[in-house]
Amino acid sequence: MVGSGAREHALAWALSKSVEVIVTPGNAGIAAHGFTCVATSPSELDADLFVVGPEQPLVDGLADQLRAQGKLVVGPGVDGAQLEGSKAYMKDFFTAAGVPTAAYETFRDEESAYEFLDTLLPPYVIKTDGLAAGKGVTVTNIIDEARADVHDKLSGESFGAAGTTVVIEEGLVGEECSFHVLCDGTDVVPLTAAQDFKRVGDDDLGANTGGMGAYAPMSSMSDAQRDDILRLAIHPTLAELKRRGIDFRGVLYAGIMLTPSGPKLLEYNVRFGDPETEVLVPLYGDDLYDLLLRVAEGRLAGARASSSGAAVTVVLAAQGYPQQPRSGDVIHGLGPDGQLATPNENVIIFHAGTKRNDEGQFVTSGGRVLAVTGLGADVAEARRRAYDGAALVTFEGSVRRSDIAKSASEGEQ
Ligand code: AMP
Ligand code: GLY
């Protein structure tokens, strides 16, 4: 397992139901939970299966490098990773594949970007072309904010070189969903739909983040909507990947807006979502290893993934997240294994940004610190357990949303 966040912790935990898992580099909480964490680079490790968690190493060619060594890998090569690595590439891909998406244009020059903004209606959507850890997108109804954002991005102030090309898009309105499919280059196996909460504050206010919480399954999604997503987005994407000669073996995570005129693709990611993984993997029991092995081997044909139960995760972030997270605050409420001090089998704590201080206490060391996942028969029960668990974990200045999965659990009643 390659990576160091709560997503990798969740994957390691789920895969460990079937196999021995080694994480590189992992983090203090993953190690405390009993998983071997090593600093060795993946290409120097031996394993039956390599699962690459984050996008950056995929964009940098890790999967190609490992495959060249004859290893089995979950994660696309550089060619497939471009779908996430460049928004401009992704949007061109959507057009070529005929996938429904927001109208857009790409700019490197401020004046032309401002002129294009003037032709649009709010909300204005401005995206950094390169990777920006989920924080490169601005959605605003205020034209002056949109212009200022274009300036900050194109001048390199916001994201350095990664930001000096922007994509400006038509604003879409609707319910969002995170739709993950396992893909072996030819066949796909969809996972149940999840929902992620990207804004830092309750009621979707405040800055965009990597994600403040998630739940699955998204029971408000109808079978017809699910079929539409597969027919209009996923299958044409697979055909276009084939046409381009891209052998995509990994996870394709579609960010979709369910608009009144059907699903529209906001983006593709080429790996599991974070925090979506923290609610998806618990629903698949011990099937995950077999499914991922089939992804890597190109043997997905005929495979099925059936989920049971529900999960909700609440992210505890550091003070100042997402702009300037503070680190070094002692985390209270955790036992020596990094889980709740009072064990509870329906609550799992996945560590994102933690380390141990000299006294062995867990301290914050990143923007997103912990993801507290509650499991239950339905979203309402899982939500109660997640929030009851999260209430037991405290640190100075912790930032958390109180409305994760709120309307979904009310919708079940
Ligand atoms: P992205 O990283 O492209 O998924 O964008 C991050 C978030 O910005 C999405 O999850 C949406 O909430 C919002 N967003 C992105 N594109 C649009 C759009 N065209 N219209 C409305 N909201 C958008
Ligand atoms: N949850 C958003 C992401 O993983 O990109």
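In each ligand, atom 1 is the first atom listed, and ligand 1 is the first ligand listed. All residue numbers refer to positions in the sequence shown, counting from 1.
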Undergrad: List every atom of ligand 1 that sits less than 4.0 Å from any heavy atom of Glu176, numbering the atoms from 1 in the order shown and giving each element.
TA: 9 (C), 10 (O), 11 (C), 12 (O)
Undergrad: Out of all atoms in ligand 2, which are within 4.0 Å of some heavy atom of Gly273? Include the element for each.
TA: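 Listed by number with element: 4 (O).
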Undergrad: With a 4.5 Å limit on heavy-atom distance, are the side chains of Met1 and Ile22 in contact?
TA: no
Undergrad: Any N or O on Glu276 sitting closer than 3.5 Å to an N or O of ligand 2?
TA: yes
Undergrad: Determine, considering heavy atoms only, which of Val139, Asp204, Asp196, Val167 sits nearest to atom 13 (C) of ligand 1.
TA: Val139
Undergrad: Any nitrogen or oxygen of Gly210 lying under 3.5 Å from a nitrogen or oxygen in ligand 2? Just yes or no.
TA: yes
Undergrad: Is Tyr253 close enough to touch ligand 2? Criterion: a residue heavy atom under 4.0 Å from a ligand atom.
TA: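 Yes; Tyr253 lies near enough to ligand 2 that a heavy-atom distance drops under 4.0 Å.
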Undergrad: Does NZ or CZ of Arg244 fall inside the cone over Tyr89's six-membered ring, less than 6.0 Å from its centre and within 45° of the axis?
TA: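 Yes.
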Undergrad: Any nitrogen or oxygen of Val137 lying under 3.5 Å from a nitrogen or oxygen in ligand 1? Just yes or no.
TA: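 In this structure, Val137 places no N or O atom under 3.5 Å from an N or O of ligand 1.
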Undergrad: Does the ring pair (Phe, Tyr, Trp, His ring centres under 6.0 Å) test come out yes or no for Phe94 and Tyr268, once each step is laid out?
TA: CA-CA 10 Å; Phe94 288 172; Tyr268 269 128; 5.6 Å; yes
Undergrad: Which part of Lys127 is near ligand 1, with near meaning a heavy atom under 4.0 Å away: side chain, backbone, both or neither?
TA: side chain
Undergrad: Output yes when a side-chain donor or acceptor of Ser178 lies under 3.5 Å from a complementary backbone atom of Gln195, and no otherwise.
TA: no
Undergrad: Does Ser178 come within less than 4.0 Å of ligand 2, judged by its heavy atoms?
TA: no
Undergrad: Can you tell me how far apart CG (Asp287) and OG (Ser18) are? Round to the nearest 0.5 Å.
TA: 8.0 Å
Undergrad: List every atom of ligand 1 that sits less than 4.0 Å from any heavy atom of Gly171, numbering the atoms from 1 in the order shown and giving each element.
TA: 20 (N)
Undergrad: Salt bridge check: are Lys127 and Glu267 linked by an N-O gap of less than 4.0 Å?
TA: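 Salt bridge flag = no for Glu267 with Lys127.
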Undergrad: Please report whether ligand 2 has a polar contact with Arg271, defined as an N or O pair separated by less than 3.5 Å (distance criterion only).
TA: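 Yes: some nitrogen or oxygen of Arg271 is under 3.5 Å from one in ligand 2.
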Undergrad: Return the option from Thr101, Val125, Ile168, Ile126 holding the heavy atom at the smallest distance from atom 18 (C) of ligand 1.
TA: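 Nearest heavy atom to atom 18 (C) of ligand 1 lies in Val125.
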Undergrad: Tell me, yes or no, whether the heavy-atom count around Lys264 atom NZ, taken from other residues, nucleotides or ligands under 6.0 Å, exceeds 12.
TA: yes
Undergrad: Under a heavy-atom criterion of less than 4.0 Å, does Gly255 contact ligand 1?
TA: no
Undergrad: State, with a plain yes or no, whether a side-chain heavy atom of Val369 is found less than 4.5 Å away from one of Asp329.
TA: no
Undergrad: Which of the numbered atoms in ligand 1 are below 4.0 angstrom from a heavy atom of Met257?
TA: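 The atoms of ligand 1 under 4.0 Å from a heavy atom of Met257 are 21 (C), 22 (N).
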Undergrad: Are more than 12 heavy atoms, taken from residues, nucleotides or ligands other than Asp92, located less than 6.0 Å from that residue's CG atom?
TA: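 Yes - once you tally the heavy atoms of other residues, nucleotides and ligands closer than 6.0 Å, there are more than 12.
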Undergrad: N/O to N/O below 3.5 Å, does that happen between Asp196 and ligand 2?
TA: yes
Undergrad: Considering only heavy atoms of Ala102, which atoms of ligand 1 have at least one such atom less than 4.0 Å away?
TA: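 Near Ala102, meaning under 4.0 Å from one of its heavy atoms, ligand 1 has 19 (N).
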Undergrad: Using a strict threshold of under 4.0 Å (side-chain N to carboxylate O), is an ion pair present between Asp204 and Arg401?
TA: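 Yes, Arg401 and Asp204 are salt-bridged.
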